[in-house]
Amino acid sequence: MARPRRERGAAMSGEAEARLWLDRIRALPPGPPVAIMNVCGGHERSLSMLGLRALLPEGVRIIPGPGCPVCVCPEEDLADAIALAMAGGVTLVAFGDMLRVPINAPKGEVASLAAARAAGADVRPIAAPQDAVAIARAAPSRPVVFFVAGFETTTAPVAAMLAEGVPDNLSVLLAARLTWPAVAMLLAEEDNALDALVAPGHVATVMGAEEWRFVAERHALPVAVAGFSAESLLAAIYSVLRQKREGRAFLDNCYPELVRPEGNPTARRLLDEVMEVTDAAWRGIGVIPRSGFALRGDWRAHDARARHVIAAPPRRRAGEMPPGCDCASVVLGRRQPDQCRLYGRACTPRHPVGPCMVSDEGACHIWWQAGVRAH
């Protein structure tokens with residue numbers, strides 16, 4: 001697929017390049033409606049905040065998919081993190097998005113890490129794995145548990161953190177997930193209505209563009225890796241639309257500045273050294289084969305579950321979304337955020353009910369921030 005960056009030299013601005021790709025999209029011959037899924041919260045944020053959907057021809061739909069790791073974090077793991085924090089004796093650290101994610105719990109009981117913190121538990125938000133190491137080193141006699149929820153882009157730095165060496169008092173409660181198995185599960189469903197995929201640029205920088213070749217070769221669907229700028233996203237949309245119109249399906253890398261076919265060899269090696277791939281539960285969705293990570297070998301000594309007795313109280317609706325919440329359907333692209341029964345009514349960023357309205361990578365949160373209100 002031709003790249004305007006190569007055609008026009010280095011002088012074209014990002015805005016001009018975006019216009020060029022938009023012109024190319026509009027110049028494509030008309031065809032039947034097309035549903036394109038993106039699987040990255042960063043992509044969804046750019047698409048929504050830049051208003052790119054409204055610029056596309058009629059009949060081209062961009063559907064947010066499973067691009068929010070916080071949204072699919074198993075409720076059981078979050079309940080364990082809350083139980084650990086509430087038991088006292090440990091410092092629980094997690095990326096900030098996780099703190100407000102609610103679990104199903106009886107009224108009056110602690111239902112989030114933020115509520116645990118308000119109740120006196122030592123819960124601290126962090127921005128990077130190095131923050132967890134610093135907190136552990138600052139208090140070497142106190143156990144520190146790093147609750148890790150994320151996709152490959154989060155998990156690789158955690159693997160690097162462990163490989164570089166961490167204080168003995170630091171352990172990890174791992175709830176990390178692989179992105180592509182969820183997409184593979186969706187595409188394997190007979191009734192899926194997807195016509196093409198825009199693959200996540202961040203994940204591809206780590207795992208490589210080739211990881212998404214299965215979409216074209218196994219499912220005969222166009223696929224293009226995109227970055228987060230308007231021009232990169234529009235280039236990817238043009239690529240998959242052109243493939244669709246021409247009756248072809250192949251993998252196109254529209255983010256070659258940072259994405260190599262094989263990804264980042266060092267990051268992949270560290271992931272392989274420190275972690276193994278396992279079957280894993282996704283909140284509201286169920287178990288997806290070989291879609292999660294676990295510590296392997298000597299690294300299991302840093303598994304929080306091996307170090308601590310975790311006694312989360314039994315809960316009704318364990319593993320499910322809150323009553324009335326359609327977050328799982330939104331994550332799987334079966335409903336748009338504003339089609340959720342609670343969107344903008346009982347569920348808003350100020351009073352989130354489901355994780356999709358909590359996280360900065362959640363489609364509901366992004367749509368609300370972009371000004372989309374309930375029907």
Side-chain angles (χ1 to χ4, degrees), residues 37-45 63-82 94-104 111-113 147-156 158 172-189 192 194 197 199-200 202-203 206-207 275 277-294 315 317-322 325-337 340 342-343 347 352-367:
M37 174 171 277
N38 79 80
V39 288
C40 174
H43 283 175
E44 184 54 39
R45 176 164 293 282
I63 303 169
C68 170
V70 169
C71 303
V72 300
C73 177
E75 200 199 26
E76 292 83 352
D77 290 346
L78 183 51
D80 286 347
I82 293 170
F95 294 122
D97 276 8
M98 283 305 308
L99 267 59
R100 294 181 67 212
V101 176
I103 62 171
N104 291 301
S112 69
L113 286 169
F147 181 40
V148 180
F151 290 140
E152 295 91 331
T153 46
T154 299
T155 314
V158 172
V172 296
L173 183 60
L174 203 54
R177 296 292 176 264
L178 283 154
T179 312
W180 76 265
V183 176
M185 181 200 74
L186 276 173
L187 297 182
E189 295 176 346
N192 91 77
L194 301 177
L197 184 84
H202 268 163
V203 171
V206 176
M207 306 303 286
M275 300 188 188
V277 176
T278 65
D279 297 349
W282 293 52
R283 188 175 185 180
I285 298 170
V287 173
I288 300 178
R290 300 186 61 74
S291 67
F293 292 101
R315 290 162 296 111
R317 298 176 58 85
E320 298 180 9
M321 294 295 179
C325 172
D326 293 319
C327 210
S329 294
V330 171
V331 167
L332 294 173
R334 294 170 181 156
R335 291 193 182 201
Q336 301 282 53
C340 174
L342 305 183
Y343 181 85
C347 186
V353 175
C356 291
M357 190 59 89
V358 176
S359 172
D360 284 343
E361 295 184 278
C364 295
H365 183 93
I366 293 168
W367 279 41

What's the separation between atom CG in L178 and atom OG1 in T155, rounded to the nearest 0.5 Å?
7.5 Å

Output for pair (M207 CE, W180 CH2), nearest 0.5 Å, gives 9.5 Å

Closest approach of P322 to V353 (non-hydrogen atoms, all atoms of both residues)
CG-O, 3.2 Å

Using a 4.5 Å cut-off on heavy atoms from C-beta on, say whether the side chain of T154 contacts that of F95.
yes

Let me see the working for R283 and V101 under side chain to side chain contact (heavy atoms under 4.5 Å, CB included), right down to the final yes or no.
CA-CA 12 Å; R283 188 175 185 180; V101 176; 3.7 Å; yes

For D279 and P289 the tightest heavy-atom approach is OD1-CA, 3.4 Å

Please evaluate residues C356 and C340 with respect to the criterion disulfide (SG to SG under 2.5 Å), reporting the C-alpha separation (whole Å), side-chain torsions for both, the decisive distance (0.1 Å), and the verdict.
CA-CA 11 Å; C356 291; C340 174; over 6 Å; no

If every non-hydrogen atom of L174 is compared with every non-hydrogen atom of D77, which pair is closest and at what distance?
O-OD2, 4.1 Å

Can you see which heavy atom on P352 is nearest to which on V358, and at what distance?
CB-CG2, 3.5 Å

Going by heavy atoms in the side chains, are P74 and R177 under 4.5 Å from each other?
yes

Between C73 and F147, is there a side-chain heavy-atom distance shorter than 4.5 Å?
yes

Side chain to side chain, N192 and M37, heavy atoms closer than 4.5 Å
no

Run the side chain to side chain contact (heavy atoms under 4.5 Å, CB included) check on M185 and I285 step by step: do they pass?
CA-CA 11 Å; M185 181 200 74; I285 298 170; 4.1 Å; yes

Flag side-chain contact, heavy atom, 4.5 Å: Q336 against W367:
yes

For the atom pair CD1 (I366) and CZ (R45), what is the distance rounded to the nearest 0.5 Å?
5.0 Å

What distance separates D97 CG from S359 OG, expressed to the nearest 0.5 Å?
3.5 Å

Distance-minimising heavy-atom pair for P200 and H43:
CA-CE1, 3.8 Å

Rounded to the nearest 0.5 Å, how far apart are SG of C68 and CZ of F151?
7.0 Å

Determine whether L113 and L78 make a side-chain contact, defined as any pair of heavy atoms from C-beta on separated by less than 4.5 Å.
yes

With a 3.5 Å cut-off and no angle check, do the side chains of N104 and E320 form a donor-acceptor pair?
no

Validation row: M275, V158 side chains within 4.5 angstrom (heavy atoms):
yes

State, yes or no, whether a side-chain contact exists between V70 and E361 at a heavy-atom distance under 4.5 Å.
no

Which atom pair, heavy atoms only, marks the closest approach of H365 to D360?
NE2-OD1, 3.4 Å

Donor-acceptor contact below 3.5 Å, side chain R335 vs main chain A328
no

Please name the residue in the list L332, N38, L194, V39 that meets the side chain to side chain contact (heavy atoms under 4.5 Å, CB included) test with I63.
L194

